[in-house]
Colleague: 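Right, I'll just put the structure down here and ask away after.
Order of the sequence lines fixes the chain letters, A, B, ..., with proteins taken first and strands second; residue numbering starts at 1 for each chain.
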Amino acid sequence: MPRYEARRIESKWQAYWETHRTFELNAEQARADQEKLYVLDMFPYPSGEGLHVGHPEGYTATDIVCRYGRMRGKKVLHPMGWDAFGLPAEEYAIRTGTHPAVKTYENIDTFRRQLKMLGFSYDWSREFSTTDPDYYRWTQWIFLQIFDTWYDPEFAWTGPDGKSRQGKGRPISELPIPPDVAAQGETAVRRYQDKNRLAYQHEAPVNWCPALGTVLANEEVIDGKSERDGHPVKRIPLRQWMLRITSYADRLANELEELNWPESIKLLQRNWIGRSEGAEVDFFVGDKTAFEDWKASRAKAGFPKEPGEDVLRIYTTRPDTLFGVTYMVLSPEHPAVDQLTTAEHRAAVDEYRRQASLKSDMDRTELAKTKSGVLTGGYAINPVNGQPVPVWIADYVLISYGTGAIMAVPAHDVRDWEFAVKFQIPITPVVQPPANYDHSKDERELVRVVDGREEYPFGGLGTAINSGAYSGLATMEFKARISADLAAGGIGKTAVNYRLRDWLFSRQRYWGEPFPIWHELDANGQPTGLLRADTPESLPIELPPMADFKPTGTPEPLLSKAPAEWLYKTLPDGTRLKRETNSMPQWAGSCWYYLRFIDPKNSKTFLDPELAREWLPVDLYVGGAEHAVLHLLYSRFWHKVLFDRGHVGTPEPFGRLVNQGMILGEAELTGYQDQAGQFISANQVTAGPEAGPEFVLKRLGTPVGAVKLIADQVIKQGNDFVLAAEPEIIVESRTFKMSKSRGNVINPDVVVREYGADALRLYEMFMGPLEATKPWNMSGVEGIARFLARVWRMIADEKSETICLNPAVQDIPPSPEQLRFLHKTIAAVTHELDTMGFNTAISRMMEFVNEMTPQEPRPKSILSPFVLLLSPLAPHLGEELWELLGHTSSLAYEPWPKFDSSLLVESEVEIPVQVMGKLRGRVKVPVGAEQSVVEELARNDANVGQFLTGKNVVKVIFVKDRMVNFVVK
RNA sequence: GCCGGAGUGGCGGAAUGGCAGACGCACUGGAUUCAAAAUCCAGCGGGGUUAACUCCCCGUAUCGGUUCGACUCCGAUCUUCGGCACCA
């Protein structure tokens, strides 16, 4: 009575693949002369919750591509590993006292078991975790490479990819040392080098999260709260490690061009990098007579690299509005604030700066609606017209962007306008808008009425007015002209800025990679600021044994509690050294794992160059869009440094990127009731205030209860769902992200137990396009399980006691129709797999089964190729049926079925007949029939004739084998 | 606010300029069964019409346009999801 038994079949073939090492790519195969296919999943963080249904979505897609690739004769690299450093394991350690490694490797075991249960064709011999010392040894090694590199923006060169570039990461030993630095001796040279490295230390306000006991990157802070768990974040100054990703900003933006990535992701990255072109301009600080001298000296000496104490350097994208400057703003943290502040304003300035320093990013965002600031009392001189302008400080200017100082042109910048209106600063228009200009929404909101006339800020392009000799120029021309004039006068220069900031690379946690860096100590045990790097031979720097993982409660890193023998050492020359006690962020390990998979066991180098040439770049990379910027930008950055330093030969790590869409929970119907139990339409209800009732009436704010409804209680009316019993009441129908709190999480273990791994795989692929967000539906899984059972019965005998072929399956020649149907299916499925159209590939196979199952007898020669088509998607069932059809070895490397296009040609085709573009009939014609033949037949069609009689056919549109259309008058 | 994606039956979706709704789910009716499950068969956007699955009208968020012909291309609007949000 063997029905389709997923569990029996799946465990049998999983054991088979494991013992036969079916999917391992050994050293010889890796170098074989075959087309390569490197397919990579974004490796998971092995959380304590285990696998989520979102994981198998991408993993199934890549598995299908790999299995299909093998059958197409490619050598396939398909690895899996674990991104296992990070907070949850450490938090668990804090709670329980268990070492993070213990919990981490436990979780990994669970994940591995779950993934194997789904039958993915990973080469498990390549598995590693980012927490393995054998792995993070090389993470540290790459850090040392970055530390050993400086960026030379002028350097023109041709890379191993044959492309010419300007700008290169070069060894620090090649950094030119300015003579004045060299003259100061070796220590000065070392400090100069340290300042120029791609990995450098920097004291800056950071996002300190007391609850997590760590500093977070800007990217990890959302609305002033930690991205993970939403703990509050404060800004405090701290010495941190930074990676100079901004040096690569242009290349990271420009080289997106050649990648086969979704355009939306490329755009996201470009916006994140946020390149802006403008000019830096120096405003002289001093009196008017000194100003003329300064101008003269600048005209001679040119624009200096560092601004010096006698000027305020600003960045602007609109140098053409210089004549409209009516004030300047420094960010509260700007170093020149002290010097500029007059005695009269000292107290107010100090208070404002104190307030600003206390403000978290969240407070700043909340208060963004109103501008704030205070006068310093200082003045600077506008270089284009010699006018002194007052200098303010305000927190709408950020220290981390541009020069931390702006020239304010209220007439042409909405923020400056708002500020100027509030503080009654003059507004001088210097750009005339085009005649037909419509103000933007932003601009209209800021309208003010002066002498009965409406005035608006204007941020667009126009014609210069009130701008001295430049008046009358168009904005773009003005910009170019004045930039050149400023440069000639040594007062300004063109400059580029990025929204992207350098990458804050240190964390204060235990469970991360230690830095391979030492700090030199002076006689008092204080750091001198000089650094020593560990040698590559001394790697890995393993995490010290520790029993207490409680945060220090201060920004002092947890590793500062490490044993002294780990923390300190003395060099033969007597220099005392202390280890860097920060650890690397979780991104570090995931920045380069795709490289290690190519050569995971190598103990001599992080990646054999020959293998790198063979396998890079990754051909297909699949994962969630949540990594659209951070991980993908960081990885690309590291890869480019390794490229510049000659360690990899491709400029980009991931050739093709596909983002799988999110899987949402099952759709939920919600009705709303007031306190009396009376139903209320969903459009009257809105989310309640924070810490109040969850839902309230829109108009009255009174609390409203939500009840879950079942499908029978609801009907569709127009665009709304309404109560069947009270059709005037609109109910809400929507889907939500899966979350523990909502209780709509689907556990893949349960699905596999109930329906089998093949059913789960197939269902996730059948739900819709891979990239789309789509809701889960358990009866859809049942439908897929039914399909698999139908496939089983098409080939296997369900009535027999033993597992054997269905008696209808026979060694007979196929009929021409069967053969054509098979070849149509092969052609369609092949095309769908090539374009990753898995949902439609499955539809085609369903059609095949619907067509073949009723037929008896069924020729084996038709069913065998079908099993091959099915096998990448449902590999367990595929193998089982393949065996049943008399084959003795795995189908994993069986050649993919070819289709004969001559068999696809039908002799007759039915084509639609349209009159004025409306379908009025169909005619059957031989394939390739000429217009005259088809037209004749079409005119004779009774129904078509009805629409032609009494009309004048003015034109006939004919597309061979597709359609015919009569245009009549 | 800005940027990007998406709106097609009760639901997931298919069709990317040429027969709208493939395939699946749900539902309805029937067969089988003592009964049920499973399975099999049929129907399934709305309205009208016919002796006839006959034919007609409407229909892919809304409004307008291009075209012999538009779910598909263009313009505007609405809704929704995602990202960014004082970046000078």
Side-chain angles (χ1 to χ4, degrees), chain A residues 3 223 262-265 267-268 270-272 274 276 278 314-318 321 329 364-365 367-369 371 394-398 400-409 413-416 418-419 440-442 445 459 497-501 625-626 628-629 661-662 664 666-667 711 714-716 719 721 733-734 763 766-769 771-784 786-787 789-790 793 798 837 839-840 842-847 850 853-854 910-922 942-943 946 954-957 959 962-968:
Chain A
R3 288 195 182 174
D223 286 342
E263 280 308 315
S264 59
I265 300 288
L267 196 69
L268 224 54
R270 281 199 196 97
N271 291 344
W272 192 266
S276 95
I314 59 93
Y315 171 74
T316 178
T317 54
R318 293 293 300 271
T321 60
V329 186
R364 283 201 181 194
T365 320
L367 296 171
K369 290 151 211 144
K371 294 276 180 291
D395 64 6
Y396 82 91
V397 173
L398 309 174
S400 49
Y401 185 76
T403 60
I406 62 160
M407 63 180 213
V409 187
D413 180 288
V414 289
R415 294 151 302 180
D416 296 348
E418 198 189 340
F419 191 86
S440 71
K441 201 164 184 181
D442 269 0
E445 273 171 14
N497 263 296
Y498 304 94
R499 212 189 69 92
L500 180 72
R501 309 296 150 84
E626 67 272 20
V629 272
M662 206 190 327
L664 304 173
E666 299 216 21
V714 171
I715 52 168
K716 179 112 179 191
N719 286 326
F721 284 90
S733 165
R734 55 167 299 195
Y763 173 65
F766 188 61
M767 290 170 85
E771 290 93 333
T773 304
K774 47 221 167 234
W776 187 269
N777 177 359
M778 204 50 101
S779 44
V781 187
E782 269 174 65
I784 285 290
R786 273 204 286 274
F787 164 67
R790 237 173 13 246
R793 287 196 302 271
E798 201 173 38
N839 54 335
T840 41
I842 294 167
S843 301
R844 296 308 203 130
M845 290 192 270
M846 286 174 167
E847 285 172 359
N850 291 345
T853 309
E910 194 184 62
I911 68 170
V913 181
Q914 298 175 352
V915 179
M916 295 302 283
K918 281 195 189 259
L919 178 71
R920 296 303 179 190
R922 299 182 178 84
N943 197 45
Q946 225 178 297
V954 294
K955 197 173 171 189
V956 180
I957 313 279
V959 184
R962 295 289 292 209
M963 52 80 60
V964 59
N965 183 17
F966 294 95
V967 185
V968 297

Colleague: What interatomic distance, in whole Å, is found between C1' of B:rC23 and the corresponding atom of B:rG13?
Modeller: 8 Å
Colleague: Roughly how many Å is it from CD in A:E771 to P in B:rU16, rounded to a whole number?
Modeller: 16 Å
Colleague: To the nearest 0.5 Å, how far apart are CD1 in A:I314 and OG1 in A:T403?
Modeller: 6.5 Å
Colleague: Does A:K918 make a side-chain N or O approach to OP1 or OP2 of B:rG18 shorter than 4.0 Å?
Modeller: no
Colleague: Taking for each residue the nucleotide of RNA chain B with the nearest heavy atom, is it A:D416 or A:R499 whose nucleotide lies nearer the 5' end?
Modeller: A:R499
Colleague: Expressed as a whole number of Å, how far does the P atom of B:rU66 sit from that of B:rU72?
Modeller: 15 Å
Colleague: In whole angstrom, what separates A:E798's CD from B:rU39's P?
Modeller: 9 Å
Colleague: Checking A:N497 side chain against A:S276 main chain: does a donor-acceptor pair fall under 3.5 Å?
Modeller: no
Colleague: If we take the C1' atom in both B:rG9 and B:rG59, what is their distance in whole Å?
Modeller: 10 Å
Colleague: Would you say B:rG12 has OP1 or OP2 under 4.0 Å from some side-chain N or O of A:K774?
Modeller: no
Colleague: P atom, B:rA70 versus B:rA61: distance in rounded Å?
Modeller: 15 Å
Colleague: Is the glycosidic angle of B:rG9 within 90° of 0, making it syn, or outside that range, making it anti?
Modeller: syn
Colleague: Provide a list of protein-nucleic acid N or O atom pairs under 3.5 angstrom, restricted to nucleotides 23-29 of chain B.
Modeller:
unit_1, atom_1, unit_2, atom_2, d
B:rG24, OP1, A:N850, ND2, 3.1
B:rC25, OP1, A:R786, NE, 3.3
B:rC25, OP1, A:R786, NH2, 3.0
B:rC25, O2', A:S779, OG, 3.0
B:rA26, OP2, A:R786, NH2, 3.2

Colleague: Please round to the nearest 0.5 Å and tell me the distance separating atom CE of A:M767 and atom CD1 of A:I784.
Modeller: 10.5 Å
Colleague: Let me know the distance between CG of A:L664 and P of B:rG12, rounded to the nearest Å.
Modeller: 11 Å
Colleague: Measuring only the P atom in each nucleotide, how far is B:rU77 from B:rG83? A whole number of Å is fine.
Modeller: 24 Å
Colleague: Expressed in angstrom and rounded to an integer, what is the separation of A:Y315 atom OH from B:rC86 atom P?
Modeller: 17 Å
Colleague: Going through the distances and angles, do A:E445 and A:V414 end up as a side chain to side chain contact (heavy atoms under 4.5 Å, CB included)?
Modeller: CA-CA 10 Å; A:E445 273 171 14; A:V414 289; over 6 Å; no
Colleague: Would you say B:rC40 has OP1 or OP2 under 4.0 Å from some side-chain N or O of A:R793?
Modeller: yes
Colleague: Using the P atoms only, state how far B:rG48 lies from B:rU80, rounded to an integer number of Å.
Modeller: 34 Å
Colleague: For the atom pair CZ (A:R790) and CE (A:M846), what is the distance rounded to the nearest 0.5 Å?
Modeller: 7.0 Å
Colleague: With heavy-atom distances below 4.5 Å as the criterion, would you say the side chains of A:M963 and A:L919 are in contact?
Modeller: no
Colleague: Could A:K371 and A:F419 be counted as a cation-pi pair, given that NZ or CZ must be under 6.0 Å from the ring centre and within 45° of the axis?
Modeller: no
Colleague: Rounded to the Å, how far apart are A:N943 CG and B:rA52 P?
Modeller: 17 Å
Colleague: What is the separation between atom CD on A:E626 and atom C1' on B:rG82, rounded to the nearest whole Å?
Modeller: 12 Å
Colleague: For nucleotides B:rC73 and B:rA88, find the distance between their C1' atoms and express it as a whole number of Å.
Modeller: 39 Å
Colleague: For RNA chain B, which consecutive runs of 3 or more Watson-Crick or G-U pairs (each distance under 3.5 Å) count as stems?
Modeller: B:1-7 with B:78-84, B:10-12 with B:23-25, B:27-31 with B:39-43, B:45-48 with B:55-58, B:61-65 with B:73-77
Colleague: Does A:V967 form a side chain to side chain contact (heavy atoms under 4.5 Å, CB included) with A:M916? I'd like the steps, not just the answer.
Modeller: CA-CA 5 Å; A:V967 185; A:M916 295 302 283; 4.0 Å; yes
Colleague: What does A:S276 touch in the nucleic acid at a heavy-atom separation under 4.0 angstrom: a base, only the sugar-phosphate, or nothing?
Modeller: sugar-phosphate
Colleague: For a quick check of understanding: with a heavy-atom distance under 4.0 Å over all strands, which category does A:R920 fall into, base, sugar-phosphate or nothing?
Modeller: sugar-phosphate
Colleague: For nucleotides 72-81 of chain B, just jot down a letter per nucleotide in 5' to 3' order: B, S or -, based on protein non-hydrogen atoms under 4.0 Å.
Modeller: ----------
Colleague: Summarise how protein sits on nucleotides 63-68 of chain B as a single string, 5' to 3': B when a protein heavy atom is under 4.0 Å from the base, S for sugar-phosphate-only contact, - for no contact.
Modeller: -----B
Colleague: Please state the P separation for the pair B:rG21 and B:rA76 - nearest whole angstrom.
Modeller: 32 Å
Colleague: Roughly, in whole Å, what's the span from CE in A:M407 to C1' in B:rA88?
Modeller: 9 Å
Colleague: Using the test ring pair (Phe, Tyr, Trp, His ring centres under 6.0 Å), find all partners of A:F721 that sit at least two apart in sequence or belong to another chain.
Modeller: none
Colleague: Once you round it to whole Å, what is the distance between P of B:rA37 and CZ of A:R3?
Modeller: 13 Å
Colleague: What are the two closest heavy atoms between A:A628 and A:L268, and how far apart are they?
Modeller: CB-CD2, 3.6 Å
Colleague: What are the atom names and distances for every N/O pair under 3.5 Å that joins the protein to nucleotides 3-10 of chain B?
Modeller:
none

Colleague: Within the 4.0 Å heavy-atom criterion, would you say A:P854 contacts the bases, only the backbone, or no part of the nucleic acid?
Modeller: nothing
Colleague: Heavy atoms only: give me the nearest A:G278-A:Y315 pair and the separation to one decimal.
Modeller: N-OH, 3.4 Å
Colleague: Find out whether A:Y401 and A:I406 are in side-chain contact, i.e. whether some heavy atom of one side chain is under 4.5 Å from a heavy atom of the other.
Modeller: no
Colleague: For the atom pair CE (A:M407) and CZ (A:R318), what is the distance rounded to the nearest 0.5 Å?
Modeller: 9.0 Å
Colleague: First locate atom CG of A:L664, then atom NZ of A:K774, and finally report the distance between them rounded to the nearest 0.5 Å.
Modeller: 9.5 Å
Colleague: Under 4.0 Å between any heavy atoms, over every strand shown, what does A:E263 touch: base, sugar-phosphate, or nothing? Just pick one.
Modeller: nothing
Colleague: Identify the two heavy atoms, one from A:M845 and one from A:F787, that lie closest to each other, and give their separation to 0.1 Å.
Modeller: O-CE1, 4.0 Å
Colleague: Which listed nucleotide (B:rG13, B:rG1, B:rA88) is nearest to the side chain of A:T316?
Modeller: B:rA88
Colleague: For the residue pair A:L398 and A:D395, what are the closest heavy atoms and their distance?
Modeller: CD2-O, 4.2 Å
Colleague: Can you see whether A:Y763 engages A:N777 through a side-chain donor-acceptor pair at a distance of less than 3.5 angstrom?
Modeller: no
